[in-house]
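This report concerns only the one structure given below.
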Amino acid sequence: MIKFIKRSIAITFALSCLTTYSNSLDINTAKIDIEIKTQTIKTGADNFEKYLPLLKNKKVGIVTNQTGILSDKTHVVDFLVEKKINIQTIFAPEHGFRGTADAGEHVVDGKDAKTGLPIISLYGDNKKPKKDQLATLDVMVFDLQDVGARFYTYISSLHYVMEACAENGIPLIILDRPNPNGAIIDGPLLEKDFSSFVGMHPIPLLHGMTIGEYGQMINGQKWLKNAAHCKLTVIPCLNYKHTMSYSLPIKPSPNLPNDQAINLYASLCLFEGTNVSVGRGTEKQFQIYGSPFLTKQYFDYTFTPKPNFGAKDPMHNGKECFGEDLSSNKKLTQLELKWLIKAYQNTTDKTKFFNAFFTKLAGTKKLQQQIENGIPENKIRESWQKDLASFKKMRAKYLIY
């Protein structure tokens, strides 16, 4: 009997130890899981162990602007100079190297005051680097923060840089960055007849790709002139997935001041092809919309645009505009059309609502026609679905994350 009791005590103790160990293992596993989930996203610029060896003893050109920063806010150009990388030329996209120019404003060539490096504008008449501008280079680096919308021109600059590099035998290294709208794929696809600098490729308004993935798509789909192939290396982000939220550490352009504006951008930018303001000349750019021509009784918000940083002569300068404040709107997970439709339905003169730029932004004539014909929003969305399904299938081949 005593032996039986001792054996029972021993078995109970052993089971207790095993349970304690198992619980400890679960806790430790949970801790590891939490640590993995909460790891900080690192951009390609911060993944410098991968690209510094590729630049050593090379003559380097770099396409960047104020968004090209590391996690400690050091600019990538300053970082590379500190690391004794031989930068020859800085190439600046729309808005310039420091990101201070208005949308569409001509940016002139110049010199960086801090480093003394020459700056060549890739906007206006020189969207594509010329052969003589690349003559001294062994390699090109591309580091710009995109926002995931087809008409945001940094991906158009990427196209021309890739094309120039392919034609001149210069390898291109993209320092990748998260797409703040990376989980959204929506909107009509661009039709070839309506291609322009605000839409060069047959993709939806929101493409759901990082700029590195997008570069791989440009190559893979042979969209460069004469189906040229760019020797491309993408330095990936770390700890990133498309479904993750990502707050930009710096404004990507003068009129996208915060996360809310960036989230609303694709939906509200369609207003740039109408007589409705998107808040340029206010402190709520791309977070409000309005016009003197909207029927006052249907809109309870007013604002008056005035010249400010990023908008020297805003639409409806000095005029009271009636519209909506969306600065507290719930985060969008799709392209939103209801505000555009509401504005059209309640404008004082529908014949003057749209302008020629709208078709370039939409990438098709169909969207304007659908709105003018009173097609319900759900039916408009249905008309995109076949093209979106095809795009998603194509997109999958180029995803990194």
Side-chain angles (χ1 to χ4, degrees), residues 43-45 47-70 74-99 107-146 153-177 200 211-212 214-216 218-219 223-236:
T43 66
N47 194 4
F48 46 81
E49 297 92 344
K50 294 288 186 181
Y51 64 85
L52 284 179
L54 305 178
L55 305 179
K56 189 176 180 182
N57 300 321
K58 300 286 178 65
K59 293 177 181 178
V60 179
I62 183 166
V63 183
T64 191
N65 62 6
Q66 80 287 351
T67 65
I69 58 173
L70 280 70
T74 300
H75 195 281
V76 66
V77 169
D78 299 330
F79 173 74
L80 292 176
V81 169
E82 180 188 330
K83 295 295 182 181
K84 309 300 182 186
I85 299 300
N86 184 9
I87 298 179
Q88 298 282 298
T89 312
I90 299 168
F91 295 87
E94 182 179 5
H95 307 298
F97 178 49
R98 297 297 176 186
V107 179
V108 297
D109 296 346
K111 183 177 287 189
D112 179 37
K114 185 172 182 180
T115 63
L117 292 167
I119 300 172
I120 294 176
S121 172
L122 292 183
Y123 195 67
D125 297 331
N126 188 48
K127 294 182 175 70
K128 178 178 172 179
K130 294 179 172 63
K131 185 173 184 177
D132 65 304
Q133 295 169 340
L134 303 174
T136 64
L137 304 184
D138 298 317
V139 62
M140 182 78 87
V141 175
F142 191 101
D143 187 14
L144 292 174
Q145 175 63 64
D146 187 46
T153 61
Y154 295 169
I155 56 174
S156 298
S157 293
L158 174 64
H159 173 105
Y160 283 123
V161 170
M162 288 180 65
E163 196 167 271
C165 286
E167 291 170 353
N168 291 278
I170 297 172
L172 177 67
I173 299 171
I174 296 177
L175 308 185
D176 211 5
R177 291 182 177 272
M200 298 187 70
I211 206 158
Y214 198 86
Q216 294 187 154
I218 290 174
N219 251 350
W223 285 337
L224 299 179
K225 186 178 179 181
N226 299 322
H229 183 84
C230 175
K231 185 179 179 182
L232 179 65
T233 300
V234 178
I235 305 301

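Numbers for residues simply follow the sequence, beginning at 1.
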Interatomic spacing from [atom1] in [X] to [atom2] in [Y] - rounded to 0.5 Å:
X	Y	atom1	atom2	value
S157	F142	OG	CZ	6.0 Å
L52	L54	CG	CG	8.5 Å
L134	K59	CG	NZ	13.5 Å
L144	I155	CG	CD1	11.5 Å
K111	L117	NZ	CG	9.5 Å
K225	Y160	NZ	OH	9.5 Å

If you take all heavy atoms of [X] and [Y], which pair is closest and at what distance?
X	Y	answer
Q88	P118	O-CG, 3.3 Å
T115	V77	CG2-CG1, 4.2 Å
M140	V63	SD-CG2, 4.0 Å
D125	K130	O-NZ, 4.5 Å
A164	P129	CB-O, 3.6 Å

Side-chain heavy atoms of [X] within contact of [Y], under 4.5 Å:
X	Y	value
F79	I85	no
T233	I174	no
H229	L224	no
P93	Y123	no
H75	F97	yes
L55	V141	yes

Run the numbers on Q133 and T89 for side chain to side chain contact (heavy atoms under 4.5 Å, CB included), then give the verdict. CA-CA 8 Å; Q133 295 169 340; T89 312; over 6 Å; no
With side chain to side chain contact (heavy atoms under 4.5 Å, CB included) as the test, would you mind laying out the steps for L175 and F48 before giving the verdict? CA-CA 9 Å; L175 308 185; F48 46 81; over 6 Å; no
Would you confirm whether the ring centroid of H159 sits within less than 6.0 angstrom of the ring centroid of Y154?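 Not close enough - the centres of the two rings lie 6.0 Å or further apart.
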Salt-bridge contact D78-K114 (side-chain N to carboxylate O under 4.0 Å): yes
Under a 4.0 Å threshold between the charged nitrogen and the carboxylate oxygen, would E167 count as salt-bridged to K128? yes
Going by the side chain to side chain contact (heavy atoms under 4.5 Å, CB included) test, name the single residue among I62, D143, T64 that passes it with L80.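 When I62, D143, T64 are each tested with L80, the side chain to side chain contact (heavy atoms under 4.5 Å, CB included) holds only for I62.
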Give the C-alpha distance, both sets of side-chain angles, the deciding distance and a yes or no for side chain to side chain contact (heavy atoms under 4.5 Å, CB included) between L137 and V60. CA-CA 6 Å; L137 304 184; V60 179; 6.0 Å; no
Taking atom NZ as the centre, does K127 end up with more than 12 heavy-atom neighbours from other residues, nucleotides or ligands that are less than 6.0 angstrom away? yes
Kindly say whether [Y] contributes a backbone atom to a donor-acceptor pair with the side chain of [X] at under 3.5 angstrom?
X	Y	value
N168	I170	no
Y51	I173	no
D176	G212	yes
N65	A92	no
N219	C230	yes

Please test N86 against K58 for side chain to side chain contact (heavy atoms under 4.5 Å, CB included), starting from the C-alpha separation and ending with a verdict. CA-CA 6 Å; N86 184 9; K58 300 286 178 65; over 6 Å; no
